[in-house]
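The block underneath contains the structure these notes are about, expressed in structure tokens.
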4 protein chains.
Amino acid sequence: MSEAAERPKAAKASRRAWSGAIQGRSEQFELKRQVVLRTAARVFSERGFHQTTLVDIADELHISKPTLYHYFRSKDEILLEVQQMAIAQIIDVPLEPESGHSTGLQQLKEFVSRYISMIVDDFGTCLIMTGVLPLQPENRLIVRKGSKDIEKMMREILRRGVADGSIAPCDPKITAMLFFGAMNWVPYWYRTSGEIAVDGLVQRTLDFVLTGLEPRT
Amino acid sequence: MSEAAERPKAAKASRRAWSGAIQGRSEQFELKRQVVLRTAARVFSERGFHQTTLVDIADELHISKPTLYHYFRSKDEILLEVQQMAIAQIIDVPLEPESGHSTGLQQLKEFVSRYISMIVDDFGTCLIMTGVLPLQPENRLIVRKGSKDIEKMMREILRRGVADGSIAPCDPKITAMLFFGAMNWVPYWYRTSGEIAVDGLVQRTLDFVLTGLEPRT
Amino acid sequence: MSEAAERPKAAKASRRAWSGAIQGRSEQFELKRQVVLRTAARVFSERGFHQTTLVDIADELHISKPTLYHYFRSKDEILLEVQQMAIAQIIDVPLEPESGHSTGLQQLKEFVSRYISMIVDDFGTCLIMTGVLPLQPENRLIVRKGSKDIEKMMREILRRGVADGSIAPCDPKITAMLFFGAMNWVPYWYRTSGEIAVDGLVQRTLDFVLTGLEPRT
Amino acid sequence: MSEAAERPKAAKASRRAWSGAIQGRSEQFELKRQVVLRTAARVFSERGFHQTTLVDIADELHISKPTLYHYFRSKDEILLEVQQMAIAQIIDVPLEPESGHSTGLQQLKEFVSRYISMIVDDFGTCLIMTGVLPLQPENRLIVRKGSKDIEKMMREILRRGVADGSIAPCDPKITAMLFFGAMNWVPYWYRTSGEIAVDGLVQRTLDFVLTGLEPRT
DNA sequence: CATGAATGAGCCTTCATTCAT
DNA sequence: TATGAATGAAGGCTCATTCAT
């Protein structure tokens with residue numbers, strides 16, 4: 001029911017352009033691109049996509065607005081890439097090499113760990129909090145496809161777990177969506193800088209979902 | 001990981017202004033106001049606050065844009081009232097008159113039932129999907145306050161349940177937020193017009209949260 | 001080899017919005033639209049399409065820039081309609097009801113009269129001086145089509161004249177284009193406010209084209 | 001009434017920078033300058049001055065945008081020089097050394113030949129199709145002055161011809177402008193790569209202007 | 001000489017809001 | 001009450017031009 005509190009501007013960052021995040025030489029282009037993406041992701045999450053102007057992002061980086069267009073074609077493209085980065089963190093890494101040896105429950109734990117790590121990151125937070133509505137229809141489809149693929153991953157894990165007995169019988173579809181809800185809401189209340197580390201959050205989440213609130217005798 | 005599918009425009013509504021929803025006499029003003037609010041809530045949720053223009057809302061009602069200003073001072077005020085309507089559905093109704101007789105678990109069940117009913121409604125859906133970022137800072141505080149109050153309600157219930165033994169020991173804060181996450185995400189995937197009725201959804205949610213995924217021996 | 005000298009701003013027009021050109025009641029919309037078109041045509045011709053901002057046009061009319069968007073969807077649409085107005089002046093009026101009775105030469109004279117009247121008008125001048133390059137590709141095709149149709153008209157007239165002996169044998173294609181050139185260049189040097197009236201210009205043009213520079217014995 | 005069809009990109013030019021047009025040694029600078037001018041003239045005519053970016057020109061030459069600034073101070077200067085090149089082709093070459101021996105008609109024929117050769121060239125085409133409106137006011141005056149000088153040339157020739165009886169009596173001013181119109185419009189419809197060679201075009205133009213459309217008995 | 005990077009200036013377009021009828 | 005007309009404010013995007021390497 002709550003949502004992102006504005007972060008304390010990080011002491012207005014260092015005065016240098018690119019906030020001193022760039023030192024390399026020729027691969028600088030890609031590096032700068034990443035810095036823009038991460039900054040944009042953060043600001044989008046803090047203020048909302050439409051409340052964020054390109055000047056806001058540029059200011060944060062101590063660069064000018066047109067400079068952003070050296071790295072991205074449009075504001076929309078920036079958001080698209082941010083969200084694709086988040087999705088790739090889950091999709092691009094296969095769940096486990098020798099997956100044959102692990103139970104569904106074990107896989108689920110690993111998945112939750114990775115998903116939460118993604119969601120508390122700037123990119124993942126932006127994926128959830130900004131959503132896909134601001135995107136152009138065609139880009140919206142791209143991100144939705146990625147999201148659906150991630151959802152499918154969890155459903156598969158649940159099915160496997162139910163099959164091998166490591167997870168209690170349940171409807172994989174509904175369960176997955178309720179589970180994702182619990183995790184997707186994290187950006188609205190959890191701060192990595194708070195008392196609980198990400199590992200702790202993963203553990204709490206697993207406890208909540210695995211044990212259940214009903215006392216076990 | 002998924003989000004709102006565009007609703008099918010409700011058969012483009014009847015051709016008459018106000019979509020024929022107004023018949024009364026003098027209290028029409030308040031009625032019309034409600035119709036605007038509900039329509040706005042729906043469209044905001046479908047397209048996003050900033051993607052929705054006042055013309056969109058006016059068109060949906062077959063009225064003109066300035067007419068909206070007879071009922072609301074600003075677009076911001078519309079959103080504020082929508083979200084306050086949602087919050088009021090939870091806040092304004094005390095959980096149970098003689099709450100002394102019920103256990104925490106019983107209260108939790110009632111709370112979940114009411115909260116989910118609220119969240120699948122146009123107002124509640126808009127509260128979650130639009131969020132408070134589009135609101136003016138002062139209005140944002142108002143809604144946040146309401147959300148916090150609702151969160152507090154659940155924490156209290158959890159504490160009571162843990163105390164009376166009807167709920168397994170848990171950290172009320174974390175548990176509440178994860179629980180709210182599971183429910184708040186509902187608007188992104190659940191359709192009241194689908195296979196599962198709201199009652200069913202409440203039951204599934206309770207099952208998910210109470211039983212836990214770990215098999216009980 | 002010369003081109004439009006900037007017109008002397010017409011004493012900065014009357015101070016009233018719409019330059020006092022609007023008096024009607026309900027058909028005002030269409031009237032205002034026409035006033036915008038004519039003003040835009042004039043300014044486009046004077047300064048060039050890209051050198052003309054929407055503010056320039058709005059200022060000329062003592063209205064604000066967004067007001068232009070009540071009447072037109074885009075700057076491009078304004079130019080398109082201007083040019084279509086010009087073309088319609090030629091295309092929409094059949095050359096002569098009882099064309100069977102007139103020779104090609106007679107038809108040619110009428111055509112020249114009408115074409116020159118069109119070309120010295122604001123719309124026609126803009127058609128020639130602004131050209132179609134600033135238009136969106138799809139709109140460019142529309143105007144080109146109209147231009148081609150007009151060219152075809154003259155070719156047909158020339159053919160008929162050659163056939164009936166009222167015009168000396170010639171290649172209709174080349175002749176038409178050279179002829180159009182003589183007329184299309186008029187906006188670059190002729191001023192209706194100068195010594196020669198439009199009728200006079202028509203006569204001079206016909207003299208030039210019909211008689212030829214070679215002395216007739 | 002028609003205008004420039006897009007030229008077929010010249011087989012996208014050779015892949016080498018400067019399109020392989022430069023081989024010399026030290027006077028390369030001036031050579032490269034010329035290549036830029038001709039390329040710019042061509043692209044300006046095809047797409048229009050404002051639709052052409054410096055990147056477009058640089059790409060065509062397989063060089064980078066800032067490199068253009070080694071040869072020209074501004075985009076405006078490029079256009080100015082292009083148009084001055086065209087004008088110089090007419091102005092800088094005296095019409096005929098021993099002009100005393102030739103009639104006005106003979107001079108006219110030579111003038112037309114040279115003017116049309118100029119106008120079908122990249123520079124001349126750009127002079128006409130781009131016009132002087134995009135130029136800075138001061139540069140505009142320079143080009144206008146040149147154009148006026150050329151117009152004066154023809155008027156003088158016409159006067160001489162009328163005086164020596166080789167040209168039929170006519171108003172030199174009007175006649176010159178109509179004549180220029182016929183020729184200036186050539187870039188809008190004539191292609192050197194088409195059926196008619198430039199010599200042929202000169203002849204057709206002379207026929208059109210000298211003989212007249214009225215049948216001579 | 002060449003160029004990747006960066007930017008100031010400017011324009012089209014949108015939209016919430018106001019006003020006159 | 002209702003609305004067509006009008007607008008101030010603001011944002012995304014482009015591009016000629018400059019600068020550092």
Side-chain angles (χ1 to χ4, degrees), chain A residues 17-18 22 25-26 28-29 32 49-58 61-78, chain B residues 17-18 22 28-29 32 49-58 61-78, chain C residues 17-18 22 25-26 28-29 32 49-58 61-78, chain D residues 17-18 28-29 32 49-58 61-78 134:
Chain A
W18 296 107
I22 303 298
R25 183 75 271 188
S26 173
Q28 287 199 343
F29 185 85
K32 290 182 184 174
F49 182 77
H50 283 102
Q51 284 85 7
T52 303
T53 74
L54 291 182
V55 172
D56 289 337
I57 300 174
L61 294 164
H62 306 298
I63 62 176
S64 74
K65 178 169 57 168
T67 301
L68 291 172
Y69 284 87
H70 272 276
Y71 300 93
F72 300 93
R73 267 197 289 270
S74 68
K75 193 184 178 190
D76 208 69
E77 188 184 83
I78 295 179
Chain B
W18 297 105
I22 304 300
Q28 287 198 344
F29 186 83
K32 290 183 183 176
F49 182 77
H50 282 102
Q51 283 86 4
T52 303
T53 72
L54 290 184
V55 173
D56 290 335
I57 299 174
L61 293 164
H62 306 296
I63 62 176
S64 72
K65 179 167 55 167
T67 302
L68 290 172
Y69 283 87
H70 282 279
Y71 302 94
F72 301 95
R73 263 197 297 269
S74 69
K75 192 185 179 190
D76 209 67
E77 189 183 79
I78 295 180
Chain C
W18 295 105
I22 303 300
R25 184 76 269 184
S26 171
Q28 287 199 346
F29 185 86
K32 290 182 184 174
F49 182 76
H50 283 102
Q51 285 85 6
T52 304
T53 73
L54 290 182
V55 171
D56 290 336
I57 299 174
L61 294 163
H62 306 297
I63 61 176
S64 74
K65 179 168 55 168
T67 301
L68 291 172
Y69 282 87
H70 273 276
Y71 300 93
F72 300 94
R73 265 195 291 270
S74 68
K75 193 184 178 190
D76 208 69
E77 189 184 84
I78 294 179
Chain D
W18 297 105
Q28 287 199 344
F29 186 83
K32 289 182 182 175
F49 182 76
H50 283 101
Q51 284 85 6
T52 303
T53 72
L54 291 183
V55 172
D56 289 335
I57 299 174
L61 294 163
H62 305 299
I63 62 175
S64 74
K65 179 168 55 167
T67 302
L68 290 172
Y69 282 86
H70 283 279
Y71 302 95
F72 301 94
R73 263 197 295 269
S74 69
K75 191 185 179 189
D76 207 67
E77 190 184 79
I78 295 179

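When rounded to the nearest whole Å, the span between CG of C:L54 and P of E:dC11 equals 10 Å. Computed from coordinates, the B:F49 CZ to E:dA16 C1' distance equals 10 Å when rounded to whole Å. We find that NZ of A:K75 is positioned 13 Å from C1' of E:dT14, with the value rounded to whole Å. Going from atom CD of C:E77 over to atom P of E:dT14 covers 11 Å, rounded to whole Å. If you measure from atom CZ of B:R73 to atom C1' of E:dT18, you get 15 Å, rounded to the nearest angstrom. One interatomic measurement links the two molecules: CZ of C:F72 to P of E:dT14, which rounds to 15 Å at whole-angstrom precision. For the pair D:L61 CG and E:dC1 P, the interatomic distance rounds to 16 Å; values are reported in whole Å. Between the CD atom of A:Q51 and the P atom of F:dG12 there is a distance of 11 Å, given to the nearest Å.
Among residues two or more places apart in sequence or in another chain, the side-chain hydrogen bond (donor to acceptor under 3.5 Å, both in side chains) test is passed with D:T52 by none. Partners of B:D56 according to the salt bridge (Lys or Arg N to Asp or Glu O under 4.0 Å) rule, which considers only residues two or more places apart in sequence or in another chain, are B:R47. With sequence neighbours left out, B:Y71 forms a ring pair (Phe, Tyr, Trp, His ring centres under 6.0 Å) with B:W18, B:F29. Every residue two or more places apart in sequence or in another chain was checked for a side-chain hydrogen bond (donor to acceptor under 3.5 Å, both in side chains) with B:S74, and none qualifies.
We find the CD-NE2 distance between B:Q51 and A:H50 to be 4.0 Å, quoted to the nearest 0.5 Å. B:L68 CG to B:I63 CD1: the interatomic distance, rounded to the nearest 0.5 Å, is 4.5 Å. Rounding to the nearest 0.5 angstrom, the gap separating the OG atom in C:S64 from the NE2 atom in C:H70 is 8.0 Å. The NZ atom of A:K32 lies 9.0 Å from the OG1 atom of A:T67; values are rounded to the nearest 0.5 Å.
Helical stems in DNA chain F, defined as runs of 3 or more consecutive Watson-Crick or G-U wobble pairs with both donor-acceptor distances under 3.5 Å, are listed by first residue as E:2-21 with F:2-21.
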Short N/O separations, protein against nucleotides 6-8 of chain E, under 3.5 angstrom:
| residue | atom | partner | partner atom | Å |
| --- | --- | --- | --- | --- |
| E:dA6 | OP1 | A:W18 | NE1 | 3.1 |
| E:dA6 | OP1 | A:K32 | NZ | 2.9 |
| E:dA6 | OP2 | A:Y71 | OH | 2.5 |
| E:dA6 | N7 | A:H70 | NE2 | 2.4 |
| E:dT7 | OP2 | A:S64 | N | 2.9 |
| E:dT7 | OP2 | A:S64 | OG | 3.0 |
| E:dT7 | OP2 | A:T67 | OG1 | 2.4 |
| E:dT7 | O5' | A:S64 | OG | 3.2 |

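Mapping B:V55 and C:V55 onto DNA chain E by nearest heavy atom places C:V55 at the nucleotide closer to the 5' end. The 5' end of DNA chain E is approached more closely, in terms of each residue's nearest nucleotide, by C:S74 than by the other of C:S74 and B:T52.
A cation-pi arrangement is present between C:K75 and C:F49 under the rule of less than 6.0 angstrom and at most 45 degrees off the ring axis.
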